[in-house]
Amino acid sequence: MAKLIDGKQISADIRAELHEQIKQWMAKGNRAPQLTAILIGDDPASKTYVAVKMKAAAEVGIVSKTERFEADITEEKLLARIEALNSDDAVDGILVQVPVPSHINERNVCNSVSCEKDVDGLNERNAGRLYMGTDTSIPCTALAVQELIKRSQIETIGKNAVVVGCSKLAGLPIAMLLHAEGANDMCSTVTICHKFTPPKELARFCRSADIIVTATAVPGLIRGDMIKEGAAVIDVGITRLVDPATGKAKLVGDVDFEDARKVAGHITPVPGGVGPMTVAMLMKNTFIVAKNQAIKRAQN
C-alpha cells in the first residue's frame with residue numbers, strides 16, 4: 001500500500017515556518033507583507049478560493065485585502081486599477097483571481113501585473129524567466145508539486161517522470177521544474193502527455209515512470225494498471241462529481257485512488273493533497289516578493 005503524501009499536514013508545516021519567518025522579519029523593523037487580491041464578479045468558486053487564500057494570509061502574518069469589482073467592469077478600468085497597485089509601495093503582491101469575465105482578455109490582465117508583484121507567476125515574462133532558469137515567481141501549483149516531492153524525500157535525479165497535462169498554469173511549469181538542473185536540482189527525464197494522448201500510449205509512458213504528475217481534471221484517467229510498482233503519483237486534477245442516485249457531491253482527482261494506492265510507492269489524495277499546498281506556496285511567494293520589494297525600496 002502506497003505511503004500517503006499528506007498535503008494538509010505539509011502545508012500546515014510550511015505555514016508555521018512562514019509565520020515564524022515573518023515574525024523575525026518584522027522584528028528587524030520591516031512591515032508585514034501586503035497582498036492584494038482582485039475578484040471580479042460573483043462566481044461562487046472564485047469567492048471561495050479567494051477567501052481561503054486570505055484566511056491563510058492572516059494565519060502567517062500577511063496583511064491582505066480583496067478588491068471586488070462587478071462582472072461588467074471594463075478591461076480599461078481593470079488595467080488602470082492594476083497599474084495603480086503596481087505603483088503603490090504599500091502593496092507587495094498582487095493576484096487576480098481567474099477566470100475573468102469573457103469580455104476581458106485574461107492574458108492582458110495577467111501581463112499587466114508587475115513582474116515584481118506577480119505572486120501567481122502568470123506574467124509571461126516571469127514564465128520566460130522560469131524556462132530560462134533565472135530567479136522568478138513560479139506558478140503556485142508547480143511549486144506545490146515540487147515541495148511535496150522534496151519533503152516526501154522522493155528521488156528525482158535521473159528518474160523518469162511523466163507529466164500528464166500541458167496547461168500553462170500547471171502541466172508545463174511542473175515539467176520544467178522536474179526537468180531543471182541547477183538551483184532546483186530535480187534533474188528528471190520528463191515526458192509530457194495530455195488527455196488527448198492515445199490511451200495505449202499514455203499507459204505505456206506511465207508504466208515507465210518513476211514519478212507521475214497528472215493535471216487534466218479527467219476523473220479516473222490514471223488507473224492502477226498504468227502505474228509502475230513503487231512509483232510516486234501526484235494528483236493535481238480535481239473534479240466535482242454528483243452521485244445521481246443520492247445527489248451528494250464529492251471531489252475526485254485524475255487518479256483512481258483506491259486502485260492506484262495498491263501499486264504506487266507514494267500517492268497524494270484528492271482532496272487534501274496538492275490543493276492546500278498551492279495556497280501555502282502562494283503565501284511563500286508573497287513573502288519572497290515582499291522581501292524583494294523591501295530591498296528595492298532601500299536601494300532607492
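Just so you know, residue 1 is the first one in the sequence shown, and it goes up from there. As the structure is a prediction and not an experimental result, all values here were calculated from the model.
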Asker: Please give me the minimum heavy-atom distance between S188 and T156, naming the atom from each residue.
Answerer: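 Smallest heavy-atom distance, with atoms named: OG-O, 2.8 Å.
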Asker: So, does S87 use its side chain to make a donor-acceptor pair with the main chain of E83 at under 3.5 Å?
Answerer: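 Answer holds: yes.
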Asker: Quick check: do V279 and V52 have side-chain heavy atoms less than 4.5 Å from each other?
Answerer: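 They are in side-chain contact.
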Asker: Answer yes or no: does atom NE2 of H179 have more than 12 heavy-atom neighbours from other residues, nucleotides or ligands under 6.0 Å?
Answerer: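 No.
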Asker: Work out which heavy atom in A280 is nearest to a heavy atom in I14; give both atom names and the distance.
Answerer: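 Minimum heavy-atom contact is CB-CG2, 4.2 Å.
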Asker: Report whether V255 and M277 are members of the same hydrophobic cluster (ILVMFWY, side-chain heavy atoms less than 4.5 Å apart, transitive linking).
Answerer: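 No; tracing contacts between hydrophobic side chains, which count when under 4.5 Å, never links both residues.
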Asker: Do the side-chain N and O atoms of N126 and D118 include a donor-acceptor pair separated by under 3.5 angstrom?
Answerer: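 The criterion, which ignores hydrogens and geometry beyond distance, is satisfied for D118 and N126.
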Asker: Once rounded to the nearest 0.5 Å, what's the spacing between atom CD1 of I211 and atom CG of L178?
Answerer: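 Nearest 0.5 Å value for the CD1-CG distance: 6.0 Å.
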Asker: Test your reading of the model: is there a side-chain donor-acceptor pair from T246 to the backbone of K248, 3.5 Å cut-off?
Answerer: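 Looks like yes, one N/O pair under 3.5 Å.
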Asker: Verify the cluster assignment for V289 and L143: are they in a single hydrophobic cluster under the rule of side-chain heavy atoms below 4.5 Å apart?
Answerer: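 In one cluster: yes.
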Asker: Do K291 and F287 touch side chain to side chain, with heavy atoms closer than 4.5 Å?
Answerer: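 When only atoms from C-beta onward are counted, F287 and K291 do touch, with a gap below 4.5 Å.
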Asker: Any side-chain heavy-atom pair from V164 and H194 closer than 4.5 angstrom?
Answerer: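 In short, these two side chains do not touch, never coming nearer than 4.5 Å.
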Asker: Does D210 use its side chain to pair, donor to acceptor, with the backbone of N160 at less than 3.5 Å?
Answerer: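 The answer is yes, because a donor-acceptor pair under 3.5 Å joins these two groups.
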Asker: For residues V91 and K117, report the shortest heavy-atom separation together with the two atoms involved.
Answerer: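 That would be O-NZ, 2.9 Å.
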Asker: Answer yes if the side chains of T36 and Q34 hold a donor-acceptor pair under 3.5 Å, and no otherwise.
Answerer: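 The answer is yes; a qualifying pair exists.
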Asker: I'd like to know if the side chain of E124 pairs up with that of N111 as donor and acceptor (distance under 3.5 Å, no hydrogens or angles considered).
Answerer: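 Checked: E124/N111 side chains pair up, N/O donor to acceptor below 3.5 Å.
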Asker: Find out if a path of hydrophobic residues (ILVMFWY) with successive side-chain heavy-atom gaps under 4.5 Å connects M54 to L39.
Answerer: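 Result: yes, single cluster for both.
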Asker: Examine distances only and state if a side-chain atom of D225 and a backbone atom of A260 form a donor-acceptor pair shorter than 3.5 Å.
Answerer: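 Absent.
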Asker: Roughly how far, to the nearest 0.5 Å, is the CG atom of L122 from the SG atom of C140?
Answerer: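 Taking SG in C140 and CG in L122, the distance rounds to 8.0 Å.
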Asker: Would you mind reporting whether I94 and N86 have side-chain heavy atoms less than 4.5 Å apart?
Answerer: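 They are in side-chain contact.
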Asker: For I22 versus G61, what's the shortest heavy-atom pair and its separation?
Answerer: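 For I22 versus G61, the nearest heavy atoms are CG2-O, 3.9 Å.
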Asker: Output yes when a side-chain donor or acceptor of N123 lies under 3.5 Å from a complementary backbone atom of V113, and no otherwise.
Answerer: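 Flag set: sc N123 to bb V113 pair under 3.5 Å.
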Asker: Near Y49 OH, under 6.0 Å, is it more than 12 heavy atoms from other residues, nucleotides or ligands?
Answerer: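 Result for OH/Y49: open.
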Asker: Contact between K3 and H266 at the side-chain level, heavy atoms closer than 4.5 Å - yes or no?
Answerer: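 Sidechains of H266 and K3: in contact.
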Asker: Please determine if K150 and E147 form a salt bridge, counting it only when a charged side-chain N lies under 4.0 Å from a carboxylate O.
Answerer: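 Salt bridge between K150 and E147, a charged N being under 4.0 Å from a carboxylate O: no.
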Asker: In the structure I gave you, are the side-chain heavy atoms of I40 and E70 within less than 4.5 Å of one another anywhere?
Answerer: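 No - every pair of side-chain heavy atoms lies 4.5 Å or more apart.
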Asker: Which value, rounded to the nearest 0.5 Å, describes the distance between R81 atom CZ and F69 atom CZ?
Answerer: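 Going from CZ on R81 over to CZ on F69, the span is 6.0 Å.
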Asker: Less than 4.0 angstrom from a charged side-chain N to a carboxylate O is my criterion; do R223 and E258 meet it?
Answerer: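 E258 and R223: not salt-bridged.
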Asker: Show your reasoning for whether side-chain contact (heavy atoms from CB on, under 4.5 Å) applies to V109 and L79.
Answerer: CA-CA 7 Å; V109 171; L79 295 180; 4.3 Å; yes
Asker: Please answer whether the main-chain N or O of V218 pairs with a side-chain N or O of T216 as donor and acceptor at a distance below 3.5 Å.
Answerer: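 Present.
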Asker: Does K8 pair with D6 as a salt bridge, N-O distance under 4.0 Å?
Answerer: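 No, this pair does not count.
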Asker: What's the separation between atom CE in M281 and atom OG in S11, rounded to the nearest 0.5 Å?
Answerer: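 Answer for the CE-OG pair, M281 versus S11, is 8.5 Å.
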Asker: Crowded around Q24 CD? As in, over 12 foreign heavy atoms under 6.0 Å?
Answerer: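 Yes, enclosed.
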Asker: Quick one: do R129 and D135 make a salt bridge, cutoff under 4.0 Å?
Answerer: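 Between D135 and R129 there is no salt bridge, as every charged N stays at least 4.0 Å from the carboxylate O atoms.
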Asker: Hey, any chance V145 and L169 share a hydrophobic cluster, counting ILVMFWY side chains that come within less than 4.5 Å of each other, even indirectly?
Answerer: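 Per the 4.5 Å side-chain linkage, V145 and L169 are not co-clustered.
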Asker: For the side chain of D120 and the backbone of P139, is there at least one donor-acceptor N/O pair under 3.5 Å apart?
Answerer: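 No.
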Asker: How many angstroms lie between atom CE of M283 and atom NE2 of H19, to the nearest 0.5 angstrom?
Answerer: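 Those atoms lie 14.5 Å apart.
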Asker: If hydrophobic clusters are built by linking Ile, Leu, Val, Met, Phe, Trp and Tyr wherever their side-chain heavy atoms come under 4.5 Å apart, do I192 and L130 end up in the same one?
Answerer: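 Linked, I192 and L130 end up in one cluster.
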Asker: Looking only at atom types and distance, does a side-chain atom of D256 sit under 3.5 Å from a main-chain N or O of G220, one as donor and one as acceptor?
Answerer: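 A pair under 3.5 Å: no.
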Asker: Heavy-atom count around R31 CZ within 6.0 Å, excluding the residue itself: above 12?
Answerer: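 For R31, atom CZ is crowded (more than 12 foreign heavy atoms under 6.0 Å).
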Asker: Please tell me whether N292 and E116 have a donor and an acceptor in their side chains that are separated by less than 3.5 angstrom.
Answerer: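 No, no side-chain donor-acceptor pair sits under 3.5 Å.
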Asker: Verify, without hydrogens or angle tests, whether S152 (side chain) and I149 (backbone) share a donor-acceptor contact under 3.5 angstrom.
Answerer: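 The answer is no, because no donor-acceptor pair under 3.5 Å joins these two groups.
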Asker: Apply the test side-chain contact (heavy atoms from CB on, under 4.5 Å) to residues V96 and C110: give CA-CA distance (whole Å), side-chain angles for both, the deciding distance (0.1 Å), then the verdict.
Answerer: CA-CA 7 Å; V96 180; C110 291; 5.9 Å; no
Asker: Does CE in M132 sit with more than 12 non-hydrogen atoms of other residues, nucleotides or ligands closer than 6.0 Å?
Answerer: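 Count not over threshold, so no.
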Asker: Do other residues, nucleotides or ligands put more than 12 heavy atoms under 6.0 Å from the CZ atom of R68?
Answerer: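 Counting neighbours around CZ of R68, 12 or fewer heavy atoms of other residues, nucleotides or ligands fall under 6.0 Å, so no.
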Asker: Measuring only between side-chain heavy atoms, which start at C-beta, is I234 closer than 4.5 Å to I5?
Answerer: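 Side chain of I234 against side chain of I5, heavy atoms only: contact under 4.5 Å found.
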Asker: Going by heavy atoms in the side chains, are K53 and L282 under 4.5 Å from each other?
Answerer: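 K53 vs L282: side chains touch.
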Asker: Go through it in stages, so that I can follow the logic: the residues are I222 and I227, the test is side-chain contact (heavy atoms from CB on, under 4.5 Å), and I'd like the CA-CA distance, side-chain angles, deciding distance and then a yes or no.
Answerer: CA-CA 8 Å; I222 307 299; I227 299 169; 4.1 Å; yes
Asker: Hydrogens and angles aside, do E76 and T74 bring a side-chain donor and acceptor to less than 3.5 Å of each other?
Answerer: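 Their side chains do not contain a donor-acceptor pair, so the 3.5 Å distance test is not met.
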Asker: Drop me the distance from D235's CG to L148's CG, to the nearest 0.5 angstrom.
Answerer: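 Here the rounded value is 11.5 Å.
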Asker: Which atom pair, heavy atoms only, marks the closest approach of V236 to A215?
Answerer: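 The pair with the smallest heavy-atom distance is CB-CB, 3.7 Å.
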Asker: Can you tell whether the side chains of D92 and R297 come within less than 4.0 Å, N to carboxylate O?
Answerer: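 Counted as a salt bridge, because a side-chain N and a carboxylate O are separated by less than 4.0 Å.
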Asker: Here's a test for you: under side chain to side chain donor-acceptor pair (under 3.5 Å), which of D42, D43, T48 qualifies with S46?
Answerer: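 For S46, the side chain to side chain donor-acceptor pair (under 3.5 Å) check succeeds only for D43.
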Asker: Verify side-chain contact (heavy atoms from CB on, under 4.5 Å) between I62 and L18, making sure each step is shown before the conclusion.
Answerer: CA-CA 10 Å; I62 292 171; L18 282 171; over 6 Å; no
Asker: Under 3.5 Å, is there a donor-acceptor pair between the side chain of E106 and the main chain of P99?
Answerer: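 Not confirmed, E106 side chain does not pair with P99 backbone.
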Asker: Any side-chain donor-acceptor pair under 3.5 Å between T214 and D254?
Answerer: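 Note: T214 and D254 side chains meet the donor-acceptor criterion.
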Asker: Show the nearest heavy-atom pair for residues Q97 and V50, with the distance to one decimal.
Answerer: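 Smallest heavy-atom distance, with atoms named: OE1-CG2, 3.6 Å.
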